K.L.:
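My questions all concern the structure below.
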Amino acid sequence: MDLFDYIRETEMRKESPLASRMRPETLEEVVGQKHIIGRDRLLYRAIKADKLGSVIFYGPPGTGKTTLARVIANTTSAVFEQINATTAGKKEMEEVIRKAKGALGMYGKRTILFVDEIHRFNKSQQDYLLPFVEDGTVTLIGATTENPYFEVNGALLSRSRIFELKPLEKEDIKALIQKAVYDREKGMGAYGADISEEAADFLADAAGGDARAALNAVELGVLTTPKGADGKIHLTLEVASECIQKRAVRYDKDGDNHYDTVSAFIKSMRGSDPDAALYYLARMLYAGEDVKFIARRIMICAAEDVGNADPIALNVAVNAALAVERIGLPEGQIPLAQAAAYVAAAPKSNAACLGISKAMAAVRDQQAFPVPAHLRDSHYGGAAKLGHGNGYKYAHDYPNHYVKQQYLPDELAGETFYVPTDNGYERRIREHMERIRREAEE
């Protein structure tokens, strides 16, 4: 590096965003993620010993994936190369591999290749890297916000260790905020800013585990807030709320948070917890989930988990779906909330769901047994002469509008698919069926 390169790099470091300047350079400076980089943890020991194998860091934005890669770059004796999967093509990858082979052959130096947003690589790009990871030409560090088990080739996964990074704790982010405001070397300390305790608490909470979001808010607040009478920039709760505006919600419609939130929503309704159901409904609405998708999940739950314990639940769910389609948001959240709360609070039975599952299995696993002759249609040409419909008993001609009669095929006679529970209205169904069958026997 010549003098001009040094000056340019120094100036870029000064002018870079606060979140970039605040990146730790050593493992000891890293905040949070103690479950993987605590002193007794495998990753910590591997980095310290410079014996790191291929790894993939997986977690939400702002949790330190790139930071850990930079720390490794500062710690290792290996050559460190970095590419971004959103912009790198085959030419860039070939150049990295060429350099890696040269470093290994000429100097015996390993190369660590950091691929940011590795989930953006297509299959052929990932396949290109595979042999060089396998033979040790490069040690791969991948970073992704998407579940690697969905987005990364199985062959690469089998040669890498997966480390999941979690959203930072509120206290961790608060410590970063304090350092960012008062640190004169890397932070905003030279501006003479001061942040109130409640503003720091608010930002740490509103960031939702994303350190970058909190630091961006601090930087915006310091750069746009005029100095007070005492010559200081005061970051108050009002300033903080303006800078972050809307709480960050961990929700990606194609990622894990989508599936986890939907799963929690359904399980809360099934588990008869309307408070939790409304909370997860709010999270989905806040994050911009498709209301038709939400409505479908409520309808399915009403049929699958409430069933005949409260037949009205499905009506409520279907009508809520129609209502939200007609009125849209934000008012549409009200019928969705009504339906979710109703389904959650309703008595539960999955008897119909279990019944159709058992019946489907019988149809799938056994031959299509003939319909009993007395149940067959006798109206089409020649059917009556074949005995179709002979002996059929018309239920309405009998007490309770019921008569004992075989409806299932002969091979399945006596099989039970629907077993009403004692819950809600289904208890009345069970008692009614037991009564009319008993009286028909008498």
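Predicted model only: the values in this text are computed from it and were never measured.
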K.L.:
Please check if the side chain of Glu94 supplies one atom and the backbone of Lys91 the other of a donor-acceptor pair under 3.5 Å.
P.N.:
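Between the backbone of Lys91 and the side chain of Glu94 there is no qualifying donor-acceptor contact (under 3.5 Å).
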K.L.:
If we ignore hydrogens and angles and just use 3.5 Å, is the side chain of Asp210 paired with the main-chain N or O of Ala213 as donor and acceptor?
P.N.:
yes
K.L.:
Salt bridge between Glu441 and Arg437, side-chain N to carboxylate O under 4.0 Å?
P.N.:
no
K.L.:
Between Gln126 (side chain only) and Glu151 (backbone N and O only), is there a donor and an acceptor less than 3.5 Å apart?
P.N.:
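Confirmed, Gln126 side chain pairs with Glu151 backbone.
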K.L.:
Within the distance-only criterion (no hydrogens, no angle test), does the side chain of Glu219 pair as donor or acceptor with the backbone N or O of Asn216 below 3.5 angstrom?
P.N.:
no
K.L.:
Leu165 and Leu68: side-chain contact (heavy atoms from CB on, under 4.5 Å), yes or no, with the steps?
P.N.:
CA-CA 10 Å; Leu165 279 69; Leu68 274 179; 4.1 Å; yes
K.L.:
With Arg296, which residues qualify under salt bridge (Lys or Arg N to Asp or Glu O under 4.0 Å), at least two apart?
P.N.:
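Once residues adjacent in sequence are excluded, Arg296 has no partner under the salt bridge (Lys or Arg N to Asp or Glu O under 4.0 Å) criterion.
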K.L.:
By salt bridge (Lys or Arg N to Asp or Glu O under 4.0 Å), which residues pair with Arg120, not counting sequence neighbours?
P.N.:
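Arg120 satisfies salt bridge (Lys or Arg N to Asp or Glu O under 4.0 Å) with Glu117 only.
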K.L.:
Please tell me if the side chains of His119 and Pro148 come closer than 4.5 Å, counting only heavy atoms from C-beta onward.
P.N.:
no
K.L.:
Quick one: does Thr63's side chain have a donor or acceptor within less than 3.5 Å of a partner on Pro60's backbone?
P.N.:
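Judged by distance alone, yes, a pair lies under 3.5 Å.
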K.L.:
Please list, chain by chain and in numerical order, all residues satisfying side chain to side chain donor-acceptor pair (under 3.5 Å) with Arg270, sequence neighbours excluded.
P.N.:
Asp305
K.L.:
I need the full list of salt bridge (charged side-chain N to carboxylate O under 4.0 Å, His left out) pairs touching residues 354-364, with sequence neighbours left out, sorted by first then second residue.
P.N.:
Lys358-Glu415
K.L.:
Just so I know, are the side chains of Leu203 and Ile195 near enough to count as touching, which here means a heavy-atom distance under 4.5 Å?
P.N.:
yes
K.L.:
Is there a side-chain contact (heavy atoms from CB on, under 4.5 Å) between Leu52 and Ile141? Walk through the geometry before answering.
P.N.:
CA-CA 9 Å; Leu52 187 70; Ile141 300 178; 3.9 Å; yes
K.L.:
Does a salt bridge link Glu28 with Lys48, judged by any charged N lying under 4.0 Å from a carboxylate O?
P.N.:
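Lys48 and Glu28: salt-bridged.
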K.L.:
What residues, two or more places apart in sequence or in another chain, satisfy ring pair (Phe, Tyr, Trp, His ring centres under 6.0 Å) together with His396?
P.N.:
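Only Tyr394, His401 meet the ring pair (Phe, Tyr, Trp, His ring centres under 6.0 Å) criterion with His396.
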K.L.:
Answer yes when Arg159 and Glu134 have at least one side-chain N-carboxylate O distance shorter than 4.0 Å, and no when they do not.
P.N.:
yes
K.L.:
How would you list all residue pairs meeting side-chain hydrogen bond (donor to acceptor under 3.5 Å, both in side chains) that involve residues 173-187, not counting sequence neighbours?
P.N.:
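Listed once each, the pairs are Lys174-Glu197, Lys174-Asp201, Tyr182-Asp194.
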K.L.:
With sequence neighbours excluded, tell me which residues meet side chain to side chain contact (heavy atoms under 4.5 Å, CB included) with Ala180.
P.N.:
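Ala180: side chain to side chain contact (heavy atoms under 4.5 Å, CB included) contacts with Leu18, Met22, Leu215, Val218.
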K.L.:
Would you find more than 12 non-hydrogen atoms of other residues, nucleotides or ligands less than 6.0 Å from Arg435 atom CZ?
P.N.:
yes
K.L.:
Quick check: are there more than 12 heavy atoms from other residues, nucleotides or ligands sitting under 6.0 Å from NZ of Lys34?
P.N.:
yes
K.L.:
For Asp422, give me all partners under side chain to side chain donor-acceptor pair (under 3.5 Å), at least two apart in sequence or on another chain.
P.N.:
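Partners of Asp422 by the side chain to side chain donor-acceptor pair (under 3.5 Å) criterion, ordered by chain and then number, come out as Arg430.
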K.L.:
Do the non-hydrogen side-chain atoms of Met93 and Phe121 ever get within less than 4.5 Å of each other?
P.N.:
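Side chain of Met93 against side chain of Phe121, heavy atoms only: contact under 4.5 Å found.
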K.L.:
Would you indicate whether the side-chain heavy atoms of Asn74 and Phe80 approach each other to under 4.5 Å?
P.N.:
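SC-SC contact between Phe80 and Asn74 ruled out.
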K.L.:
Using side-chain heavy atoms (C-beta onward) and a distance below 4.5 Å, is Arg23 in contact with Thr66?
P.N.:
yes
K.L.:
Does some side-chain heavy atom of Asp116 sit less than 4.5 Å from a side-chain heavy atom of Ile83?
P.N.:
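No. Closest side-chain heavy atoms not under 4.5 Å.
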K.L.:
Identify, with sequence neighbours excluded, every residue that meets side chain to side chain donor-acceptor pair (under 3.5 Å) alongside Glu431.
P.N.:
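Side chain to side chain donor-acceptor pair (under 3.5 Å) check on Glu431 returns Arg427.
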K.L.:
Are there over 12 heavy-atom neighbours, none belonging to Lys267, within less than 6.0 Å of that residue's NZ?
P.N.:
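Atom NZ in Lys267 is not crowded, with 12 or fewer foreign heavy atoms closer than 6.0 Å.
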K.L.:
Does the Asp50 side chain pair with the main chain of Ser77, one donor and one acceptor, at a distance under 3.5 Å?
P.N.:
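Looks like yes, one N/O pair under 3.5 Å.
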K.L.:
Could you pull out all residues at least two apart from Phe163 that satisfy side chain to side chain contact (heavy atoms under 4.5 Å, CB included)?
P.N.:
Ile36, Leu43, Val55, Phe57, Arg161
K.L.:
Would you please test Tyr191 and Leu223 for side-chain contact (heavy atoms from CB on, under 4.5 Å) and show each step?
P.N.:
CA-CA 8 Å; Tyr191 289 84; Leu223 295 178; 3.6 Å; yes
K.L.:
Once you round to the nearest 0.5 Å, how far does NZ of Lys170 lie from CG of Asp205?
P.N.:
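Interatomic distance, Lys170 NZ to Asp205 CG, rounded to 0.5 Å: 4.5 Å.
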K.L.:
Does any N or O in the side chain of Thr76 come within less than 3.5 Å of the main-chain N or O of Ala73, such that one atom is a donor and the other an acceptor?
P.N.:
no
K.L.:
Measure from the side-chain N and O atoms of Arg45 to the backbone N and O of Asp40, and report whether any donor-acceptor pair falls under 3.5 Å.
P.N.:
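The answer is yes, because a donor-acceptor pair under 3.5 Å joins these two groups.
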K.L.:
Kindly write out the residues that satisfy side chain to side chain contact (heavy atoms under 4.5 Å, CB included) with Thr236, not counting sequence neighbours, or none if the list is empty.
P.N.:
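For Thr236 the side chain to side chain contact (heavy atoms under 4.5 Å, CB included) partners, ignoring immediate neighbours, are His234, Glu238, Val239.
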K.L.:
Could you pull out every donor-acceptor pair under 3.5 Å between side chains of residues 328-344 and any protein atom, sequence neighbours left out?
P.N.:
from, atom 1, to, atom 2, distance (Å)
Tyr342, OH, Asp310, OD1, 3.4
Tyr342, OH, Asp310, OD2, 2.8

K.L.:
Give a yes or no answer on whether the side chain of Glu242 reaches the backbone of Ile244 with a donor-acceptor pair at less than 3.5 Å.
P.N.:
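Here the side-chain-to-backbone pair does not exist.
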K.L.:
Between Glu304 and Asn350, does a side-chain hydrogen bond (donor to acceptor under 3.5 Å, both in side chains) hold up when you go through it step by step?
P.N.:
CA-CA 6 Å; Glu304 179 181 359; Asn350 66 343; over 6 Å; no
K.L.:
Just how far is it from atom OG1 of Thr144 to atom CD1 of Ile162, taken to the nearest 0.5 Å?
P.N.:
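Between atom OG1 of Thr144 and atom CD1 of Ile162 there are 9.5 Å.
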